Every structure is written in structure tokens, then in C-alpha cells.
Amino acid sequence: MTDHEELYSRAKELKRFDDTKTGVKGLVDSGLNTIPPIFVHPPETLSDLKPDPKARPVSIPVINLAGFGSPPRRAEVVDKVTRAAREHGFFQIVNHGIPAAKLDRTIAAVKAFHEGPAEVKARLYRRDAGAGVTYMSNVDLYQSKAASWRDTLTVRLGPDPPVTGELPEVCREALVEWDGEVIRLGAVVMELLEEGLGLRAGRYRELTCLEGRIMVGHYYPRCPQPDLTVGLASHADPGVLTVLLQDHMGGLQVKTGGQWVDVKPVPGAIVINVGDLLQIMTNDQYKSVEHRVVANQSEEPRVSIGVFLNPGKREETYGPLPELISSNKPAAYQQFTFSEFMRRKTGVKGLIDSGITSIPRLFHHPTSTLSYIKPDSKVQNISPPVVDLSSFDSDRHTAIVEQLSRAAREVGLFHGILPAILDRGVDAVKAFREQPAETKARGSTAGIGATASRTDWRDSLSLRLAPKPDQHVTEKIPEICRDAMEELDREVLRLGEVVVGLLEEGLGLSEGWFK
Ligand SMILES: O=C(O)CCC(=O)C(=O)O
Ligand SMILES: [Fe+2]
């Protein structure tokens, strides 16, 4: 299969899976023993899943909140919470005041939804970011390189409270109650975290940090090939703080000190982690760290419920708090609005336009990738050959075939030249990118992909032009670049035929062999 055919068949498989509206649980219920190829992760992800024999014993702190309200214990608790947020960005809390029975009830309610009637779930199955309640498998199904073994119920809880009637009946009461507990607990933790930085009490409240809440109820069914996929790919949470309730199954891992560490389930504990925005607001004092969930290999499904606490005022500007900036610690980030930060569809350009001077953590690549990018001093300066195709049907023909074959064998890269059309194509794509964010958001697939595992410094406008471009498709091309894109497509096809013909000749193949 060519790369293009492979992409095309993958897209069809994704759509087919999505259209079942029964998620990964539906696959498991159908009794399969191998996972579909769309779930197989690339080798670099899979090799990183294996336990590291050189790993040092590190554990994520479990902090006892008992007595945190009164002076002698308070300082101790503040110290522990602050230290954990600085070192690991993750900690668990016990004796937080929420009875164990309520934790169990919340988990059971989400489990009951996932294990409930397929029709109820199918009715909520939609990829509509604006909807209050949605059920789907893999929020980034069409953006990620590989799908993960997990289904999710998502509920928008704030700033506007959900229309409770939209919540599935089986978990309605439990989730509304859980939201109340998270608001109370989120405030306790934010107060401890701000006290540890010497901030004035209630600073987070002024910044509406707990008002924009999104709840995700994840369901990780048994995976028949847990070595080939993951439950949730490595990512950092974009918001301020995440309050996470996990059941007793385990599988959540955090990257700390360069190694993956299990967040072991502790009865009655709640997991707290720092999000990107809190790292930014604290000017890098608290860390938002990468975490992931391995695929569940047990018969019993794993259930977890995360609540992401985000600012309610999305148009307010956020950035390092002035109290945390000094000449020793200059601002590591500029101010930007939360919607600028979160609105996937404004893409990287949206971030640049908002005036950032350092790139948000979510764009940082691991050092293992970055070391490849450094120039290698031992390598000579080689650049892809430029082959001049003008008058290729004249006496230069043999020389051109020779040059192209050599370029394809040695470097695999070269280009023919169509200067005017190339320039028009490039200008058209630029014109598209410079349009107002709303225009682009309408049809664009560009994204900053905050939930994707890694993010690159690029936005893309993708147009599916083959195998059969038709009127319907071309009409969808944004008008501002439609003519130039169509012209470029025609030229690329023409050039492709010429180059392939010359390559066939260079290899001694019959004319039309590739076709
Ligand atoms: O399922 C879990 O334990 C982790 C969930 C998570 O990290 C998330 O939803 O962002
Ligand atoms: Fe997360």
C-alpha cells in the first residue's frame, strides 16, 4: 500500500469504529482476541511502556490532610503539598473529608453508565465540543497517531451548571454530588498551594480558577493485547488543577525524574495534579507533568473520574502572577487569554498572535527527540539536489533521467521547478492562515491538540484531493485559496506523471509501470 492508501484505509477504519457508537467496550463485548490496527501504537511508544530495569524507587507522595485546618498541622500539610507540586506535579490525599462510601458510589455510577444499555450511550455519542454531555471513545480519535483502549463520558459542569436532565439518569445524582465535593476539595487544595507560595489567600478565586469544570468518566475495558496499545496516551493536563478519582485497578503512571512511576491506588485517596496553566501562573514553580494510563490487562474494567478545574472567565488574561516575578525569576511566559490557550482551532498562530515569548510546555518535546535535531558536526553539508526539468524532452533528456535517478537513490529528495504556481500556492496558504480565527475555525482541522500526547509547532489545512476529487469536495476548500489549490493540484499531478515516467526510464521499467 502507498502511504496515501494506508492513510485512506486508516481513516475509513476510524470512521467505521466511530460509527458503531459502542466504543472500545463494544469491541470487547463482540469477543475479539486481537486489537484492530487503528489501536496499535508506534514502536517508540510501545518500547517506552516496558519497565526500566535501571529505574530508581520513587513514589508519588500520599499526603494526610487530617487536621490541616489548625496551626501545628497546617504548616506541615502546606509544606508537603507544596513540595509534591514542585517536585512531581502529582500527589494523593487521604483524610480529605469525603467518606469512602461516596467515592465508591461515584465510581459505581460511572461504571453503571458505561455498562448500561447501548441505546442510552449511542444517543449521547457525538464529537461536539460545545455539548454539555457527550459519550465517545477517544476524544482525539481523528487527530492522534493511534487510538487508545478507553471510552469516556464527558460532562461540562461549569461555569454554567449543566442541564441536569441531560445527564444520564443512572449517574445523574452521583455526578452532581461529586461536583459539589470537587468544588469544596478544589478550594482546600488551591488554598494550601497558594499559601505555600506566600500568595494572599483567595487569589485563585479572584482568577475564577475553579469555575470552568469539565468531568471525564473514563472506562478502560480489558485489552487483549496490552503490549500494543495504551489506555490513555502520555499527555499533560492543560488547565489549572485536576482532581482525579481512580478505582483499585491501577495503571496510571507519571513521568517524574525522567522515569515512569505508578500512581498506586490507595483506598480512600484522591489524586491531585497540577495543569499547564497553574505551572504558567506560578512561573514554573509548580510542575505540570506528563502522565498516561497503560492498557488494562485484567478481566475487570478500570474506571476513573477526572475533573479539570479551569478558569471560568475565558477572555481574561492569564500568565505568571506578578507576585511570583522578580529579577531573579523573570516571567517565563507572557500573558494570554485562556480561550487563546485552549481554543485548539486558533492553532499555533493564535498563540503567536497573543504575544507569547516562550513556548507553552505542551509543545516541549522530550530530550530524546530534541537531541536528534542538533546539527551533527561530523555530517557534511548535503542538500537535496535541484533538478531542472525545463526542456526534458530535448537533448537534455538522458542527463535529466540520470540526475533524477541518482537523486532518488542517494537522497530520496529533489524537486522540479514551477516557480509561479508554487509561489501562488504558498501565498494562498498564507492568506488562509492570516484570516480571522473564526473563519478558520469553521472548517479548519488545525489544532494545538492540548490533549494529544505531543504537539508540534505547526498548524495545518488538510485537503483530501484524491482518489476522486469531486465538486462537493472542492467547494469545501476555503474560497480564499481554492483556485490556487486546484491549480497546484493539477500541476502536482502533471509533474508527478512526468517524474514517475523519468524514474521508470532510469530503472529500465516499461512506460506506465507505476501507473
Ligand atoms: O484515568 C486516569 O487515571 C487518568 C485520566 C487523565 O489523566 C485525564 O483524563 O486527563
Ligand atoms: Fe490527565
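These figures come from a predicted structure and were not determined experimentally. Residue indices begin at 1 and follow the sequence shown.
Only one option out of His291, Arg292, Glu290 pairs with Ser234 in a side-chain hydrogen bond (donor to acceptor under 3.5 Å, both in side chains); it is Glu290. When each of Leu244, Val62, Val254 is checked for a side-chain contact (heavy atoms from CB on, under 4.5 Å) with Val263, only Val254 meets the rule.
For Lys121 and Asp151, the salt-bridge test fails: no basic side-chain N is under 4.0 Å from an acidic carboxylate O. Using a 4.0 Å cut-off between charged nitrogen and carboxylate oxygen, Arg16 and Glu13 count as a salt-bridge pair. Ion pair Arg200/Glu206 flagged as a salt bridge, since at least one NZ, NE, NH1 or NH2 atom sits closer than 4.0 Å to an Asp/Glu carboxylate oxygen.
Taking a 6.0 Å sphere around CD of Glu166, one finds it holds more than 12 heavy atoms contributed by other residues, nucleotides or ligands. No more than 12 heavy-atom neighbours from other residues, nucleotides or ligands sit within 6.0 angstrom of NZ on Lys264. More than 12 heavy atoms of other residues, nucleotides or ligands lie within 6.0 Å of NZ in Lys111, so this atom counts as buried by the packing criterion.
When side chains are defined from C-beta on, Leu192 counts as touching Leu65, because their heavy atoms get closer than 4.5 Å. In this structure, the side chains of Thr317 and Thr337 come closer than 4.5 Å at one or more pairs of heavy atoms. Side chains of Tyr125 and Ser137 form a contact here, defined as non-hydrogen atoms less than 4.5 Å apart. Taking the side chain as every heavy atom from C-beta outward, Thr154 and Val139 never approach each other to under 4.5 Å. At a threshold of 4.5 Å between non-hydrogen side-chain atoms, the residues Asp48 and Glu44 do not count as touching. Between Phe68 and Val81, every side-chain heavy-atom pair lies at or beyond the 4.5 Å cut-off. Residues Val289 and Lys255 are not in side-chain contact: their nearest non-hydrogen atoms beyond the backbone lie 4.5 Å or more apart. Counting heavy atoms from C-beta outward, Val182 and Leu245 have side chains that stay 4.5 Å or more apart.
Listed for the Asn138 side chain is no donor-acceptor partner under 3.5 Å among the backbone atoms of Ala147. Although no hydrogens or angles enter the test, the distance criterion places a donor-acceptor pair under 3.5 Å between the side chain of Glu194 and the main chain of Gly202. Not one N or O on the side chain of Asn283 forms a donor-acceptor pair closer than 3.5 Å with the backbone of Ile325. Side-chain atoms of Arg205 do not come within 3.5 Å of backbone N or O of Ala187 as any donor-acceptor pair. Checked by atom type and distance alone, the side chain of Lys21 never pairs as donor or acceptor with a backbone atom of Asp18 at under 3.5 Å. Panel note: side chain Arg126, backbone Val133; a donor-acceptor pair is recorded below 3.5 Å. Formation of a donor-acceptor pair under 3.5 Å by the Thr106 side chain with backbone atoms of Trp178 is not found in this model. A donor-acceptor contact shorter than 3.5 Å is absent between the side chain of His88 and the backbone of Phe90. At distances below 3.5 Å, not a single donor-acceptor pair connects side-chain atoms of Gln246 with backbone N or O atoms of Leu252. Checked by atom type and distance alone, the side chain of Glu316 never pairs as donor or acceptor with a backbone atom of Leu207 at under 3.5 Å.
Distance check, rounded to the nearest 0.5 Å: OH of Tyr318 to CG of Leu278 gives 12.5 Å. Separation of atoms OH (Tyr333) and CD (Gln335) is listed at 13.0 Å; rounding is to 0.5 Å. The distance from the CG atom of Leu153 to the CZ atom of Phe113 is 4.5 Å, given to the nearest 0.5 Å. In this structure, CD1 on Ile183 lies 8.0 Å from CG on Leu210, to the nearest 0.5 angstrom. Arg10 CZ to Lys15 NZ: the interatomic distance, rounded to the nearest 0.5 Å, is 15.5 Å. One finds the CZ atom of Arg86 at 5.5 Å from the CG atom of Leu197 (value rounded to the nearest 0.5 Å).
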Going through the distances and angles, do Val110 and Leu175 end up as a side chain to side chain contact (heavy atoms under 4.5 Å, CB included)?
-> CA-CA 8 Å; Val110 168; Leu175 295 189; 3.9 Å; yes
Worked verdict on Asp284 versus Gln279 for side chain to side chain contact (heavy atoms under 4.5 Å, CB included) = CA-CA 5 Å; Asp284 281 344; Gln279 171 167 341; 2.9 Å; yes
Carefully, step by step, assess Leu324 and Gln285 under the rule side chain to side chain contact (heavy atoms under 4.5 Å, CB included).
-> CA-CA 9 Å; Leu324 302 177; Gln285 298 215 37; 4.0 Å; yes
After noting the C-alpha distance and the side-chain angles of Tyr204 and Leu241, does the key distance pass the side chain to side chain contact (heavy atoms under 4.5 Å, CB included) rule?
-> CA-CA 11 Å; Tyr204 75 90; Leu241 198 73; over 6 Å; no
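Trp149 and Tyr220 get closest at one heavy-atom pair: O-CD2, 3.8 Å. Nearest heavy-atom pair across Ile60 and Phe91 is CG2-CA, 3.8 Å. Scanning all heavy atoms of the two residues, the minimum distance from Ser148 to His41 falls at OG-NE2, 3.7 Å. Ala236 and Ser288 make their closest contact through CB-OG, 3.6 Å (heavy atoms, listed as atom of the first residue, atom of the second, distance). When all heavy atoms are compared, the tightest approach of Leu49 to Thr229 is CD1-O, 3.7 Å. Minimum heavy-atom separation, Arg150 to Val24: N-CG2, 3.6 Å.
Aromatic ring centres of Tyr135 and His114: separated by under 6.0 Å.
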